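So that the names make sense, note that chain A is the first sequence line, chain B the second, and so on, each numbered from 1. Since this is a predicted model, take the numbers as computed values, not measurements.
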Protein chains: 2
Amino acid sequence: MSGASLAVSTVIFALRSSGRFGEDGGERGLWLPLVRRIREPYEGRWALPGGPLGESEGLAEAATSTLAKTTGLAPRYLEQLYAFGDPERSGEQAGSAGKPAASGDRVVSVVYWALVGDDEARAARIGQNVRWFPADDLPALAFDHELIVEYALWRLRNKVEYSRIASAFLGATFTLAQLREVYEAVLGRTLDPANFRRQIEASGVLEDTGEVLTGVRHRPPRLYRYNQAVDLADQGPLGRLAQK
Amino acid sequence: MSGASLAVSTVIFALRSSGRFGEDGGERGLWLPLVRRIREPYEGRWALPGGPLGESEGLAEAATSTLAKTTGLAPRYLEQLYAFGDPERSGEQAGSAGKPAASGDRVVSVVYWALVGDDEARAARIGQNVRWFPADDLPALAFDHELIVEYALWRLRNKVEYSRIASAFLGATFTLAQLREVYEAVLGRTLDPANFRRQIEASGVLEDTGEVLTGVRHRPPRLYRYNQAVDLADQGPLGRLAQK
DNA sequence: CCAAAAGTGTTTAAGATACACCCATGG
DNA sequence: CCATGGGTGTATCTTAAACACTTTTGG
């Protein structure tokens with residue numbers, strides 16, 4: 001009936017220090033895992049993890065299972081990005097040295113984007129054909145995956161400014177400085193600590209745990225947690241559907 | 001390979017006076033065309049227009065062709081809304097008297113939303129099983145289409161505030177009052193004419209045509225057109241892809 | 001001249017930004 | 001007591017909202 005087969009792919013973001021992945025220190029930045037293609041088309045190129053949609057699987061469910069298979073992680077946040085379905089998107093890319101696909105295999109990809117926690121990503125099991133890359137320094141990708149990653153980054157940077165998704169990169173409790181560092185890394189610019197504090201407090205998304213973080217060689221910062229009543233990401237009527 | 005067939009549906013919005021469709025006068029409001037289902041499941045119920053994805057058709061292309069088949073219209077604006085693919089979404093709805101679907105026919109729907117012009121919608125050819133309904137007073141719909149329409153309305157109302165999509169409801173040139181009426185109808189509240197003028201002027205999306213609209217029994221208003229250089233709807237990296 | 005909507009000006013309030021300054025802890 | 005980041009106060013700038021007022025047409 002339908003003229004296309006259906007796949008689900010996921011853009012997975014983690015926030016890590018910019019040295020080698022798994023080490024501490026240095027600037028924090030966004031990283032994402034890619035898988036190396038072992039078949040034509042684009043054999044040998046890096047691509048977004050994904051796979052065909054299972055018979056009785058929901059779309060978000062398929063994205064979650066891809067994420068688990070690739071990294072062994074569960075997403076802290078998951079949202080649909082876009083459905084890509086141009087007939088030519090499996091073919092050659094302009095200016096690319098990649099091998100063009102044989103035509104006839106039409107694939108529509110429903111793409112999700114996910115955020116995983118800092119600590120969890122560190123412990124992520126990594127397979128033979130899986131590697132993490134800095135989001136701002138990617139190799140040439142298969143298919144139209146470069147456009148997809150670019151769009152996912154754009155969505156993430158927009159959304160971090162009007163929702164509380166930044167919390168997905170952190171643990172259950174955190175200091176305002178840690179939260180601010182997430183914002184700074186995602187947005188790529190520094191923020192005034194004083195004004196950041198006021199903005200977050202005014203938004204009402206934080207709760208004071210009453211505890212402080214000790215062991216630092218300066219005044220101990222308070223620990224906060226996110227207010228459960230505030231939705232992780234405002235998606236309107238889709239809210240109940242998105243994070244079930 | 002894939003366990004689901006693929007369909008493309010479209011939520012089509014027109015802005016019309018709230019009397020009977022095709023007449024003048026009264027409040028302006030959003031209307032949308034629905035088609036009556038002539039087969040199980042949900043036979044006799046109203047549903048969003050749509051159909052299976054053609055073999056060599058792009059997703060947006062399929063949405064446009066559905067729109068043409070249903071209303072004879074070309075969209076002034078078209079954007080992907082969401083891909084719906086829960087395995088149970090073809091089944092019965094809670095509290096509904098509709099007939100549940102036979103299971104086994106899994107359908108993933110990529111849904112688009114479209115805006116059509118006032119004047120064009122008036123001349124739209126209407127088929128036997130197609131009827132326009134006010135967006136705020138819909139009958140019970142088939143499948144999960146009520147949720148889909150609700151989400152489309154939410155997106156439209158959000159987007160009208162930070163993009164220039166309102167122009168899609170108007171002709172090539174228009175007065176500020178006409179533009180304001182579009183905003184008021186979509187948002188469902190009145191806006192201060194003085195402040196509206198300043199906001200729009202400050203945003204830089206309008207160009208003065210130098211002409212005025214005559215024949216009104218008060219001071220003739222200026223006619224404006226939209227600045228081509230400003231993108232119709234900011235979709236970031238997808239901009240080039242969205243309106244091609 | 002009058003009604004009606006176009007268009008301008010002004011006042012006020014709210015929000016964002018910049019930055020000075022005090023606080024509390026480890027060493 | 002000093003260095004360091006946590007946390008507070010405040011002056012300033014920008015933007016949005018409310019609303020009085022002037023302008024220009026048709027009747």
Separation of [N] [atom2] from [X] [atom1] (nearest whole Å):
X	N	atom1	atom2	result
A:I200	D:dT8	CD1	C1'	17 Å
A:R189	C:dT17	CZ	P	8 Å
B:H218	C:dG7	NE2	C1'	12 Å
A:F196	C:dA18	CZ	P	15 Å
A:N195	C:dA20	CG	P	13 Å
A:Q178	D:dG5	CD	C1'	13 Å
B:E201	C:dA6	CD	P	13 Å
B:F174	C:dA6	CZ	P	14 Å

Check your understanding: Is A:R28 salt-bridged to A:E184, going by a charged N under 4.0 Å from an acidic O?
Key -> no
Review point. Charged N to carboxylate O under 4.0 angstrom, A:R222 versus A:E207?
Key: no
Check your understanding: Are the side chain of A:S109 and the backbone N or O of A:V111 linked by a donor-acceptor pair below 3.5 Å?
Key -> no
Check your understanding: Quick check: does any side chain N or O of B:R164 sit under 3.5 Å from a backbone N or O of B:V230, one acting as donor and the other as acceptor?
Key -> yes
**Study point:** Geometric class of the A:F174/A:Y226 ring pair [parallel <30°, tilted 30-60°, perpendicular >60°]
**Key:** tilted
Point to revise | 5' precedence on DNA chain C between A:T214 and B:P220 (nearest-nucleotide basis) | key: B:P220
**Study point:** B:R197 side-chain proximity, nearest of D:dT8, D:dA18, C:dA6
**Key:** C:dA6
If you compare every side-chain N and O of [X] against the phosphate oxygens of [N] (OP1, OP2), does one of them come in below 4.0 Å?
X	N	result
A:Q199	C:dG15	no
B:R222	C:dT8	yes
A:R217	C:dG27	no

Practice item. Give a yes or no on whether a donor-acceptor pair under 3.5 Å exists between the nucleobase atoms of D:dG9, that is its base, and the side chain of A:R198. Key: yes
Review point. Ignoring hydrogens and angles, does a donor from either the side chain of A:R219 or the base of C:dG26 sit under 3.5 Å from an acceptor on the other?
Key: no
Review point. With a non-hydrogen cut-off below 4.0 angstrom, is B:A194 in contact with a base, only sugar-phosphate, or nothing?
Key: base
